[in-house]
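Letters go in sequence order (proteins before strands), and every chain restarts at 1.
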Protein chains: 2
Amino acid sequence: MRLSEGVEWTVHCCTMLAGLPPDKAMSAKKLAEFFDVPPDYLAKHMQQMSKAGIVQTKKGPNGGYSLAKPARDITLLDMVEAIDGRICSFKCTEIRQRGPSGVSPCQYKTPCGIARAMRKADQVWRDELRKTTLFDLQMIGLTETPPEQMNKAITWLKGLFK
Amino acid sequence: MRLSEGVEWTVHCCTMLAGLPPDKAMSAKKLAEFFDVPPDYLAKHMQQMSKAGIVQTKKGPNGGYSLAKPARDITLLDMVEAIDGRICSFKCTEIRQRGPSGVSPCQYKTPCGIARAMRKADQVWRDELRKTTLFDLQMIGLTETPPEQMNKAITWLKGLFK
DNA sequence: TAATAGCGGATATATTTTATCCGTTATTTA
DNA sequence: TAAATAACGGATAAAATATATCCGCTATTA
Ligand code: SF4
Ligand code: SF4
């Protein structure tokens with residue numbers, strides 16, 4: 001019951017992209033360098049973000065990733081689901097149909113109470129994630145990032161786009 | 001991001017125990033037989049339920065598991081946490097401290113916005129699971145279980161306690 | 001035309017989940 | 001009192017999943 005670490009990576013990447021000058025893109029390689037994570041693996045994750053329509057891509061030199069839409073229109077749920085999918089965290093293996101008391105599948109009309117409660121909880125979890133947008137995260141980052149880190153990051157970015 | 005199947009098993013087992021005649025217990029072996037799951041593995045899970053104080057145990061012949069408290073006082077969350085633990089589904093690896101912009105750990109005073117939003121979502125998920133009790137599940141089971149299955153189950157249980 | 005960059009598929013490695021086994025202690029029944 | 005039952009804990013083993021790398025391909029830019 002744990003989110004893949006790719007979620008942490010890609011959300012950070014999107015926050016980075018949200019702060020980029022307009023019309024600028026950042027390659028997976030550079031993102032990986034900035035966050036000190038495995039470049040090829042991060043690239044895989046970013047490709048999922050691309051397929052999910054969260055980021056857009058540009059090939060070739062000076063290409064890379066940029067947001068596909070305004071940060072206000074990208075929710076934390078969008079990013080989580082792009083990496084970890086939309087399937088409910090509870091997977092019913094229908095054990096009620098097995099064993100000495102099992103009867104034919106057609107007699108089970110509805111998902112049982114257990115599955116319903118689990119799905120409801122999964123739903124409220126997703127609803128909560130939907131409330132936070134990338135814009136929110138960007139604002140929090142801008143106000144809470146230690147000044148020293150902010151300066152270092154800006155310097156590093158200037159070197160990138162010089 | 002998936003709950004272990006032990007959750008499904010043990011919740012079913014607890015529902016079974018909730019329906020048992022008072023002063024009766026059911027062994028892991030019998031529970032496994034009823035639900036057609038691996039006996040040793042189910043036993044491991046039931047031991048976790050025991051450690052969590054959800055079920056009580058009795059050794060020796062005619063021993064086994066029974067509820068440690070009224071079904072109304074056992075929540076779905078209790079059972080989920082007994083198996084899958086209480087740690088938040090989002091694990092932050094502190095990548096903000098790495099790479100060319102990282103600064104010393106003491107400069108990060110609060111968990112960042114990402115971690116906070118994730119923990120909040122985790123919280124509402126647990127809050128929702130807390131709303132359903134074993135008693136609720138028992139009632140739903142009693143009203144929704146197909147009659148044929150109910151009869152088979154009762155017959156099987158009579159054989160057990162004859 | 002050379003270098004860059006995303007993409008998809010194949011593969012390797014690590015970690016976690018699932019499952020089994022065994023020796024121990026406690027309890028009941030015969 | 002002996003034999004059977006059952007929980008418990010620890011040690012593995014097997015399977016599945018998550019993590020990570022690599023390669024050839026196409027598109028784009030300078
Ligand atoms: S009773 Fe619910 S959780 Fe159990 S097997 Fe059926 S659908 Fe799954
Ligand atoms: S910014 Fe948040 S998610 Fe990212 S490393 Fe720090 S605490 Fe973790």
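- Ring-centre distance between B:Phe35 and B:Trp9: not below the 6.0 Å cut-off.
- When each of A:Arg119, A:Arg126, A:Lys120 is tested with B:Glu128 by the rule salt bridge (Lys or Arg N to Asp or Glu O under 4.0 Å), just one qualifies, namely A:Lys120.
- What separates CG of A:Asp36 from P of D:dA20 is a distance of 12 Å, to the nearest Å.
- Atoms CD1 (B:Ile83) and C1' (C:dT16) sit 16 Å apart, rounded to a whole Å.
- Candidate nucleotides C:dT20, D:dT29, D:dC8 were compared by shortest atom distance to the side chain of B:Gln47, and D:dC8 ranks first.
- When the side-chain nitrogen and oxygen atoms of B:Tyr41 are compared with OP1 and OP2 of C:dT18, one or more of them lie within a distance under 4.0 Å.
- Distances from the side chain of B:Asp40 to the nucleotides C:dC21, C:dA5, C:dG8 place C:dC21 closest.
- Looking at B:Met49, B:Met46, B:Met79 one by one, the single match for side chain to side chain contact (heavy atoms under 4.5 Å, CB included) with B:Cys13 turns out to be B:Met46.
- Nearer the 5' end of DNA chain D, as judged by each residue's closest nucleotide, is the contact made by A:Glu5, out of A:Glu5 and A:Lys59.
- Atom pair A:Arg2:CZ and D:dT19:C1' shows a separation of 11 Å (rounding to whole Å applied).
- The interatomic distance linking B:Phe161 (CZ) with C:dT28 (P) rounds to 16 Å, in whole Å.
- As rounded to whole Å, 13 Å separates atom P of C:dT17 from atom CE of B:Met1.
- Note: NZ (B:Lys51) to P (D:dG9) measures 6 Å, nearest angstrom.
- Within the nucleic acid shown, B:Ala28 comes within 4.0 Å of sugar-phosphate atoms alone, with no base atom in reach, counting heavy atoms only.
- Between B:Gln48 atom CD and C:dT17 atom P the separation is 11 Å, expressed in whole Å.
- Taking atom NZ of A:Lys29 as the reference point, atom P of D:dT21 lies 15 Å away to the nearest angstrom.
- A close approach under 4.0 Å does not occur between any side-chain nitrogen or oxygen of A:Thr57 and OP1 or OP2 of C:dA5.
- Of the possible donor and acceptor atoms, none in the side chain of A:Thr145 sits under 3.5 Å from a partner among the backbone N and O of A:Leu142.
- Listed nucleotides: C:dT20, D:dA6, D:dA4. Nearest to the side chain of B:Pro61: D:dA4.
- Closest approach to the A:Trp9 side chain among C:dT20, D:dA20, D:dA6 is made by D:dA20 (side chain taken as heavy atoms from C-beta onward).
- Contact annotation: B:Tyr65 side-chain N/O to D:dC8 OP1/OP2 distance is under 4.0 Å.
- Between the side chain of A:Lys44 and the base of C:dG6, no donor-acceptor pair under 3.5 Å is found.
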Practice task
Check step by step if salt bridge (Lys or Arg N to Asp or Glu O under 4.0 Å) holds for A:Arg116 and B:Glu144.
Solution key: CA-CA 13 Å; A:Arg116 294 205 300 270; B:Glu144 296 184 5; 3.0 Å; yes
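- Dashed line: the shortest gap from a side-chain N or O of A:Ser50 to OP1 or OP2 of C:dG6 is not under 4.0 Å.
- A sub-4.0 Å separation between OP1 or OP2 of D:dA6 and a side-chain N or O of B:Asn62 is absent.
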